[in-house]
Amino acid sequence: MKLHLTAAAFALSLAACASTQSVKQETPVYSMNDGARDAAIDELLRNFQRVRFEFDSSLITADTQEALALNVQIMNRFPELQLEVEGHCDEIGSTEYNLALGQRRAEAIKKYMFTAGIESARIRTVSFGEEVPLAVAGDELEQNRRAEFRVTYNKNHDVHGTVATLAETRGTFARR
Amino acid sequence: MILRLLSPLFALSLLVAASPAQAQTAANTRTVIEVGSPDFRPYPIAVPEARDMAGGKTTATGTEVTNTLRFDFELAATFKVLDPKSYLADPTKEGLAAASIKFTDWVSIGAEGLVKVGLTETGDSLKADFRFYDVASGRQLLQKGYAGTLKDGRRFAHTFVDEVIFFLTGSKGIFRTKIASVRKVGNSRELWVMDVDGSNLRQITSNGSINLLPNWTRDGGGVLFTSYIRHNPNLYSTPLAGGRPTLVSGERGLNTGGTMSPDGKKVALTLSRDGNSEIYTMNPDGTNLVRLTNEWAIDTSPTWSPDSKRIAFVSSRWGDPHIFVMNADGSNVRRVTERGNYNQTPDWSPKGDLIAFTARDERNVFDIFTVNPDTKEIKRLTQDQGNNEEPSFAPSGGHIVFTTTRDGGRSQVYIMAVDGSNQKKITDAGGFNTPAWSPYLE
């Protein structure tokens, strides 16, 4: 549900931002074509959807690595893009441990992209632990093991919506 | 007051051959409870209805006082409250004074102690006369008078139970302490505070953000907690009385689980400022930050030993999360849970002998355990009743508050004795997590 809403909000906010910019006539730091950048951001977020974590893990899987490598290329092409990476967890385990785990997930993504050449100043991390679940019951709880990504550029213009990744894993664990 | 002064000697006299003076004290109080002794048995106590001194009928305040007394004595676990249906005396007729009490009626139902309460309600004002009798001798052991308004009835009852417990055991009672907890409502997480019986539930933050992990300041005047009010999990302190939270630690990344050392000199917390969650200590004003752990793993959830010399915490440095103990300078790290593969939320007993924690068993169910940090002996306190998590010790070390899903639906706050007995529900509202028991407040 939230996924659909954020996707819609995302499209709207892109449009809104583009018009705001033309009215204010702000000069972007990098004079890139808006359309090309928007397409790149779309691609960036699509790739981020492949980011997955296993239970109690912050390891970057092979598929996630591939997605991050593609996004490093995009980030290199559009140096004005900045990322905020939110680490999230399922409800299994304690509030505080999951805050640490979410932080580790976000940091693992940052570290991977940093190692591949993205300045660390362009990636901010924040953990929400188990506090902002996508799913609250049933078989979909594993979706909560995720990172969400917020793309910003031309500071003061927080464009984006988030796109969640669907995580997987070792069987489901339902509890209320 | 004299009792209070005598108490350390008094408690000692139960364990060692007493000097004549101390023996006299013990004989006078006819103390029967030896907490922790191998032949301990609950002390049978009768708590008849509080008597309305004016009209003789039961008032709402009277019922509240009676119920509070019974709840507290039951929860205390050193008592067994005798079933009111078995009482032979008519509470509207039998008086408060020893001369008017037919003690044989109380002996015959098995009571050893008897609590009598007389209430005088005048408009909104309330006068209460509480008495505690030794049934066998017919002697009055305690009498306390309290004056206030009708809404103070419950507090008077808590106070008197604390008095009786102190009188009998030499240990401070816990019934005037409080519990802070997070409550989930919709997308927000706010801090709430309640009395030990769940009454006086009150919201203490209302910023609509995510507020987490309350821990009491040493004086009990406020709580440290983590909040996202500035879009980063920062550590704040807020007074219970209300007022704006003050920022204690606002490092980029995690600032979680701030917990003050029992001597009040340090705050231990988890920060991720160096790229990974590590445990640090700092002065309560945020200065003098010292990093204690240095592992590429999760290190979090610090809890202090009562002498402020050691810290227990959770670490995944050996793979799965386990409970570890280290010195307060980070040296001498030892793992203390050797079983299970998912042990979290340690809370060190104010008595020092135990660390309570949450463990997940082979069926993926969470339960509460204690471990002795020195012998590593483990005891299970909850079983087969939903998930039970996030234990926090009472300042006496004799009780533990925790959350459970055993009632179905949203998680509730329960209290139990440290051996797992007398598990009692104290909330109805639901949605609670990470309860934290206050220090002594009076």
Side-chain angles (χ1 to χ4, degrees), chain A residues 1-2 5 54-59 84-112 114-115 120-121 123-134 136-137 141-142 148 150 152 158 169-176, chain B residues 182 184 187-189 209-213 226 228 231-233 252-257 269-272 274-279 296-302 313-316 319-321 341-346 357-358 360 364-366 386-387 389-390 403 405 408-411 430 433-434:
Chain A
M1 191 50 133
K2 187 177 170 188
L5 286 174
E54 304 220 340
F55 173 68
D56 195 19
S57 170
S58 56
L59 289 180
E84 182 173 293
V85 185
E86 293 181 358
H88 295 268
C89 307
D90 62 27
E91 277 198 319
I92 301 167
S94 73
T95 297
E96 192 171 12
Y97 185 84
N98 282 335
L99 284 167
L101 179 59
Q103 185 68 34
R104 247 172 110 70
R105 287 176 173 169
E107 292 288 343
I109 289 163
K110 175 174 176 171
K111 192 179 175 194
Y112 184 92
F114 172 74
T115 306
S120 64
I123 307 175
R124 180 180 186 264
T125 58
V126 62
S127 171
F128 284 91
E130 65 182 65
E131 307 307 322
V132 189
L134 281 180
V136 293
L141 285 177
E142 62 198 41
E148 293 195 13
R150 180 183 292 268
T152 60
D158 185 354
T169 76
R170 300 181 197 167
T172 61
F173 181 80
R175 73 190 174 92
R176 292 292 317 266
Chain B
V182 169
K184 297 185 182 186
N187 290 326
S188 75
R189 311 277 185 273
S209 182
I210 297 172
N211 303 281
L212 301 170
L213 300 164
T226 294
Y228 285 79
H231 197 61
N232 188 67
R252 172 61 59 86
L254 302 174
N255 300 262
T256 67
L269 78 170
T270 304
L271 302 176
S272 62
D274 298 325
N276 189 45
S277 68
E278 304 285 357
I279 294 169
W296 192 248
I298 290 175
D299 291 304
T300 191
S301 300
F313 63 104
V314 172
S315 181
S316 63
D320 299 318
N341 59 13
Y342 204 70
N343 299 320
Q344 297 177 355
T345 74
F357 64 98
T358 308
R360 191 182 63 169
N364 284 350
V365 173
F366 287 81
N387 286 300
E389 300 182 64
E390 305 275 6
T403 58
T405 57
R410 312 183 71 204
S411 63
N433 62 38
T434 62

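Chain A is the first sequence line, chain B the second, and so forth, proteins listed ahead of strands; every chain is numbered from 1.
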Which portion of B:Leu212 sits near chain A, non-hydrogen atoms under 4.5 angstrom: side chain
Distance check, rounded to the nearest 0.5 Å: A:Ile92 atom CD1 versus B:Tyr342 atom OH? 6.5 Å
Tell me whether the count of non-hydrogen atoms from other residues, nucleotides or ligands lying under 6.0 Å of CG in B:Asp274 goes above 12. yes
Relative to chain A, which segment of B:Leu213 carries a heavy atom at a distance below 4.5 Å: side chain, backbone, both, or neither? side chain
First locate atom CZ of A:Arg104, then atom OG1 of B:Thr300, and finally report the distance between them rounded to the nearest 0.5 Å. 12.0 Å
Residues at least two apart in sequence or cross-chain that pass side-chain hydrogen bond (donor to acceptor under 3.5 Å, both in side chains) with A:Glu131, listed by chain then number, are B:Arg189
Which heavy atom in A:Ala100 sits nearest to a heavy atom in B:Ile298, and how many Å separate them? CB-CG2, 3.6 Å
Give me the ring orientation class for A:Phe128 and B:Tyr228: parallel if the planes are under 30° apart, tilted from 30 to 60°, perpendicular past 60°. parallel
Quick one: of B:Val182, B:Thr270, B:Leu254, B:Asn232, who has the most non-hydrogen atom pairs under 4.5 Å with chain A? B:Leu254
Checking A:Glu96 against chain B: side chain, backbone, both or neither under 4.5 Å from a heavy atom? both
Contact leader toward chain A among B:Ser301, B:Ser272, B:Ser316, where contacts are heavy-atom pairs under 4.5 Å: B:Ser301
Looking only at heavy atoms, what is the nearest atom pair of B:Gly275 and A:Glu107, with distance? O-CG, 3.7 Å
Heavy-atom closest pair, residues B:Gln344 and A:Ser94: OE1-N, 2.7 Å
I need the residue from A:Val126, A:Leu99, A:Leu101 with the largest number of non-hydrogen atom pairs under 4.5 Å to chain B. A:Leu99
I need the A:Tyr97 OH to B:Asn343 CG distance, nearest 0.5 Å. 10.5 Å
Please classify the contact of B:Thr434 with chain A as side chain, backbone, both or neither, using a heavy-atom distance under 4.5 Å. side chain
Just jot down the ring pair (Phe, Tyr, Trp, His ring centres under 6.0 Å) partners of A:Phe114, sequence neighbours excluded, or say none. none
Using heavy-atom distances under 4.5 Å, tell me whether B:Asn276 contacts chain A through its side chain, its backbone, both, or neither. side chain
To the nearest 0.5 Å, tell me how far A:Gln103 CD sits from B:Ser277 OG. 8.0 Å
Nearest heavy-atom neighbours spanning A:Glu84 and B:His231: OE2-NE2, 3.0 Å
